[in-house]
Amino acid sequence: MSEDFESELRAALRPVEPSAEFSRKLLANVTAGEAAPRKPRKLGPGAGRPLVWWFTASLAACLIMAVGIQQHQQQQRLRQTGLEARREVEQALRLTSQKLNLAFEAIKSQSTATDEKSGV
Amino acid sequence: MNEASDLLDAEFARARSGERTALTALVQAHQRSVYSLALRMLGTRDLAEDLTQEVFMQMSANLRGIASNRHLGFWLHQVTSHRAIDQLRRRSRLPMASLEDGAEFFSAEDQTDPLLQRHLRALLAHLSPPARAVLLLRYQEDLDPMDIARTLDMPINTVKSHLKRSLEIMRAESTRISPERCEDRST
């Protein structure tokens, strides 16, 4: 039974020849190294899927790029703001230091004058 | 058989060196196998012709990467099966050949039950794409399970399991359409 069934299956699945017209076109195209124009086929369900897929993929790629560019610009802005703040703090510290030096000098000269007057 | 094989090996060597007549001979030698596999995997002549052409164009472009005519046979089975499985997966609602569409599927040499054979071919459409490829490589191309496993890049046990399960399904379904035939043969 099993062998008979397998024989039936072998007979059912015996290889078939392609049509002579297709065979001729195939040989011509393969030896010429170029694909033959395909027959127009009726649009069925799923026929437009590759196009939809490409459109969706392109849209997704554009969105990812836009988000990436925006994030990069925001990071640049934050970095710029940080650098400006650092410069301002450094400037403020420099001015404070100068003022303290002046105050120290004034106190020091006043103290020397007082000592001279008192004859120490 | 050996002479034919030697002849094809010589044609293969000449085709690799760029001789067009040898390339033609190679295509003629292998087109029946590729077309039949594509037709029974995809179910319609249009799709089978497109796939056959794509496979041979790819072969023509990659001939230098193929070692021998025997390797070419393996390569063609592999590329055709994988491409067909990919197509079937992409288009889950692919139209299948009707029973009437099988005029050229039927060979005049058949001494067996043509109704049962048509039914068996139609049952192929109910198998998953990998199971269909396994069954076709086994019963159409006459490859052994180890070669099928290599061709489809599949573990040998998976190949055997596909074969066993597909045969069970097809035998059960064919008993429904032709019980008396199956009974005759079982006795």
Side-chain angles (χ1 to χ4, degrees), chain A residues 1-70, chain B residues 20-21 23-24 26-28 31-37 39-40 45-50 52-54 56-57 59-61 90-95 104-107 109-114 116-121 124 135-136 138-142 167 170-171 174 181-182 184-187:
Chain A
M1 163 76 184
S2 175
E3 283 179 14
D4 284 342
F5 182 76
E6 288 183 49
S7 313
E8 288 281 1
L9 197 53
R10 274 202 176 84
L13 300 180
R14 192 171 289 148
V16 288
E17 293 288 347
S19 68
E21 189 194 351
F22 169 70
S23 187
R24 187 179 48 74
K25 277 186 198 165
L26 175 68
L27 289 172
N29 293 329
V30 172
T31 50
E34 58 187 25
R38 292 182 173 204
K39 289 179 208 166
R41 197 175 295 145
K42 281 181 194 171
L43 291 176
R49 275 184 201 162
L51 197 63
V52 172
W53 189 89
W54 277 111
F55 179 74
T56 314
S58 310
L59 196 66
C62 288
L63 278 172
I64 289 167
M65 276 177 61
V67 169
I69 289 169
Q70 197 185 6
Chain B
R20 287 190 175 189
T21 51
L23 186 61
T24 304
L26 281 185
V27 174
Q28 281 172 331
Q31 64 176 357
R32 188 169 178 245
S33 164
V34 170
Y35 174 75
S36 301
L37 192 54
L39 180 64
R40 289 186 180 134
R45 289 190 188 91
D46 278 354
L47 292 172
E49 288 179 356
D50 283 351
T52 304
Q53 174 158 292
E54 284 168 16
F56 279 110
M57 295 306 292
M59 179 205 83
S60 169
R90 279 201 303 270
R91 308 179 189 194
S92 53
R93 289 176 59 83
L94 190 76
E104 74 169 16
F105 291 32
F106 173 66
S107 166
E109 298 162 23
D110 286 338
Q111 298 296 314
T112 43
D113 185 347
L116 177 60
Q117 290 188 18
R118 282 189 172 204
H119 187 63
L120 289 176
R121 284 189 290 268
L124 272 178
L135 205 76
L136 286 171
R138 179 77 187 105
Y139 292 102
Q140 179 181 291
E141 299 301 311
D142 215 20
L167 284 176
M170 295 184 91
R171 193 177 287 122
S174 59
R181 176 139 192 130
C182 292
D184 289 347
R185 288 183 167 248
S186 62
T187 53

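By convention in this document, chain letters (A, B, ...) are assigned in the order of the sequence lines, proteins followed by strands, and residues within each chain are numbered from 1.
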**Request:** Go through B:Glu141, B:Arg138, B:Arg20 and name the one with the most non-hydrogen pairs under 4.5 angstrom from chain A.
**Result:** B:Arg20
**Message:** When you compare the side chain of B:Met57 with that of A:Val30, does any pair of heavy atoms fall below 4.5 Å?
**Reply:** yes
**Sub-4.5 Å side-chain heavy-atom contact between B:Glu49 and A:Leu26** = no
So which atom in [X] and which in [Y] form the shortest heavy-atom distance, rounded to 0.1 Å?
| X | Y | result |
| --- | --- | --- |
| A:Leu13 | B:Leu135 | CD1-O, 4.4 Å |
| A:Val16 | B:Ser36 | N-OG, 2.7 Å |
| B:Tyr139 | A:Leu9 | CD1-CD2, 3.6 Å |
| B:Gln31 | A:Ser23 | NE2-OG, 2.8 Å |

Region of [X] in contact with chain A, defined by heavy-atom distances below 4.5 Å:
| X | answer |
| --- | --- |
| B:Leu167 | both |
| B:Thr21 | neither |
| B:Thr24 | both |

Can you tell me how far apart [atom1] ([X]) and [atom2] ([Y]) are? Round to the nearest 0.5 Å.
| X | Y | atom1 | atom2 | answer |
| --- | --- | --- | --- | --- |
| A:Arg14 | B:Arg121 | CZ | CZ | 9.5 Å |
| A:Phe22 | B:Asp50 | CZ | CG | 8.0 Å |
| B:Leu26 | A:Leu27 | CG | CG | 11.0 Å |
| B:Gln53 | A:Asn29 | CD | CG | 4.5 Å |

**Backbone of A:Phe5 reached by a side-chain donor or acceptor of B:Arg171 within 3.5 Å** = no
